[in-house]
Each structure stands twice: as structure tokens, then as C-alpha cells.
Amino acid sequence: MTGAGGAHKRVAILISGSGSNMVTLADSMTGDHPARPCLVLSNVPTAGGLDKARALGIPTAIVDHHDFKGDRAGFEAALNDALERAHPDIICLAGFMRILTEGFTARWSGRCLNIHPSLLPKYKGLHTHQRAIDAGDEEAGCSVHEVTAELDGGPILGQARVPIEAGDTADSLAARVLVQEHLLYPAVLRRFACEDRTPLFLP
Ligand code: GRF
């Protein structure tokens, strides 16, 4: 299925911050890639990724969760309105820092991806790198998974592994993992856009 009238599948990307994953996803959707970015949406009006999206010529939208003061359903209704106006075939969460309810995940079931900075199912939630270091793990990494009602719990579509080195801090490890995120997410999106859900493992 492609977006309204387009030859390509339409990909909406949701961000909350710098949007480095969004940029690598957008940059990857060229040439014979079956998808193109159709929207970059942020819940944070000042997110650095919005300016990057504008510079790339990608339509942007803002749905500020502060406008809904804890009314999660109201926020998600506004989120869905903004998304449906862009007619996405696929939604990529890329540093999107809001927890989504089952109402949202059911609406986009089978069409929503997320990247999480751990080797799921280990370390769901936050502070993943510090937790891996504190546990004495030999490696960390990132995972791309389908978004379901379970936080960071959907089917895994790809993983990249990164060794934890002596003296690593959460920041130094995060920087190395981010490099792998930028390789993994575009590769998984391309497979997903080709209706291929074969999990991808790097290296
Ligand atoms: C990445 O580390 C990602 O794993 C996590 O949030 C960060 C997003 O960074 N979900 P960016 O906004 O894509 O630069």
C-alpha cells in the first residue's frame, strides 16, 4: 500500500530532540528506496530536529503534550489528526520520548517502528547505557522493534551490538551506540518498506 497518490510509501517520523536518527532515515530514502519522508512531527516545539527537517524540505508539525496537561488521550487524538493529514504508510519513532497508549499503538499496529538504545529485551525504559555498565555487561547496543502496547516490547526487527570498553561512561557508550543506530535504523526501514520483516543483526 502506498500513500495517497504516491509511487512511494510515505514515512512519518516522530521526534522529541536533536533528530539525528530522523536525518539519517530521511537521507536514506532516495533513489530506488521504496519510501519517502512525508512528515516530521515533534511533541517539543523547540526540538532541534524540526529545523533539520525544514532544511531537508520535509513538512513538519508540532503537537505539544504540555497543551494537554496529562490528558494522554487528548494528546494522542491531536497526534493522530496531524499524522492522518500526512497519510503515512509507516511511522518511525526516532527519539520520541512520550509513552503511547494502546489506543495509539492499535491504530497504527503493524506500521510503527521504534529505535531503543539497548539490546532488547534487556533494559527497557530509560538510562539503558548506565544500567548496562552498572551490570558489568560486556556489550550494549540498539534495537529496532515494532511498536506495540508493551513499552519497548514489540517484535524485534534489528539489532546492532557495541562492546562496552573499560572506563566507558554512559555518554561515551551512548555516542558509540548512536553511530550504530544511524546504520541500523535506515537498513531496517528499507527492509520494512519492502514488506520484509526478516530481523537484521549488525555487525
Ligand atoms: C537515541 O539515542 C535513541 O536511541 C533514543 O533517543 C536518542 C534519539 O536521538 N530513543 P536523536 O534525537 O535521534 O538524535
Side-chain angles (χ1 to χ4, degrees), residues 11-29 35 37 39-56 58 60-65 79 90-100 104-105 108 112-134 137 139-148 150-165 168-190 192 199-203:
V11 176
I13 305 171
L14 273 58
I15 67 170
S16 297
S18 65
S20 70
N21 274 290
M22 175 277 294
V23 170
T24 53
L25 289 173
D27 286 348
S28 74
M29 289 185 262
L39 178 70
V40 171
L41 183 152
S42 180
N43 64 301
V44 177
T46 58
L50 287 170
D51 283 339
K52 293 171 186 168
R54 294 176 187 120
L56 289 168
I58 304 169
T60 59
I62 293 168
V63 180
D64 186 343
H65 61 280
L79 199 56
I90 299 169
I91 295 174
C92 288
L93 308 184
F96 187 68
M97 302 308 279
R98 301 299 297 167
I99 291 176
L100 296 162
F104 182 93
T105 59
W108 301 100
C112 189
L113 306 181
N114 180 48
I115 189 159
H116 180 75
S118 81
L119 293 173
L120 292 171
K122 294 182 81 172
Y123 311 128
K124 297 178 182 178
L126 299 174
H127 312 303
T128 60
H129 302 309
Q130 191 59 59
R131 291 156 67 189
I133 291 168
D134 293 347
D137 291 356
E139 60 180 11
C142 52
S143 306
V144 176
H145 63 93
E146 286 193 48
V147 174
T148 63
E150 183 190 352
L151 179 67
D152 302 329
I156 289 172
L157 295 172
Q159 290 193 316
R161 315 181 88 82
V162 172
I164 297 178
E165 295 169 357
D168 254 332
T169 63
D171 287 346
S172 63
L173 180 55
R176 284 207 311 282
V177 171
L178 193 61
V179 171
Q180 294 304 311
E181 291 179 29
H182 295 165
L183 298 173
L184 180 69
Y185 211 171
V188 170
L189 172 60
R190 184 172 184 128
F192 193 78
L200 174 66
F201 296 97
L202 303 176

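One-based numbering, in listed order, for ligands and for the atoms of each.
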Okay, side chain of R161, backbone of F201: is any donor-acceptor separation there less than 3.5 Å?
no
Counting N and O atoms only, with roles assigned by atom type, does the side chain of S143 sit under 3.5 Å from a partner on the main chain of L120, one being a donor and the other an acceptor?
yes
H116 versus ligand 1: do any nitrogen or oxygen atoms come within less than 3.5 Å of each other?
no
Just which atoms of ligand 1 are under 4.0 Å from any heavy atom in [X]?
| X | value |
| --- | --- |
| P117 | 4 (O) |
| G19 | 11 (P), 12 (O), 13 (O), 14 (O) |
| E181 | 1 (C), 2 (O), 3 (C), 4 (O) |
| I115 | 10 (N) |

Looking at ligand 1, does I15 have a heavy atom less than 4.0 Å from it?
no
How about [X] and [Y]: do any of their side-chain heavy atoms sit closer than 4.5 Å?
| X | Y | value |
| --- | --- | --- |
| R190 | S28 | no |
| D137 | R131 | no |
| P199 | L157 | no |

Which option, G95, S20, S16, owns the non-hydrogen atom nearest atom 11 (P) of ligand 1?
S20
Check the side chains of S20 and H182 for a donor-acceptor pair under 3.5 angstrom, ignoring hydrogens and angles.
yes
heavy-atom search around atom 13 (O) of ligand 1 in the protein gives N21 N, 2.9 Å
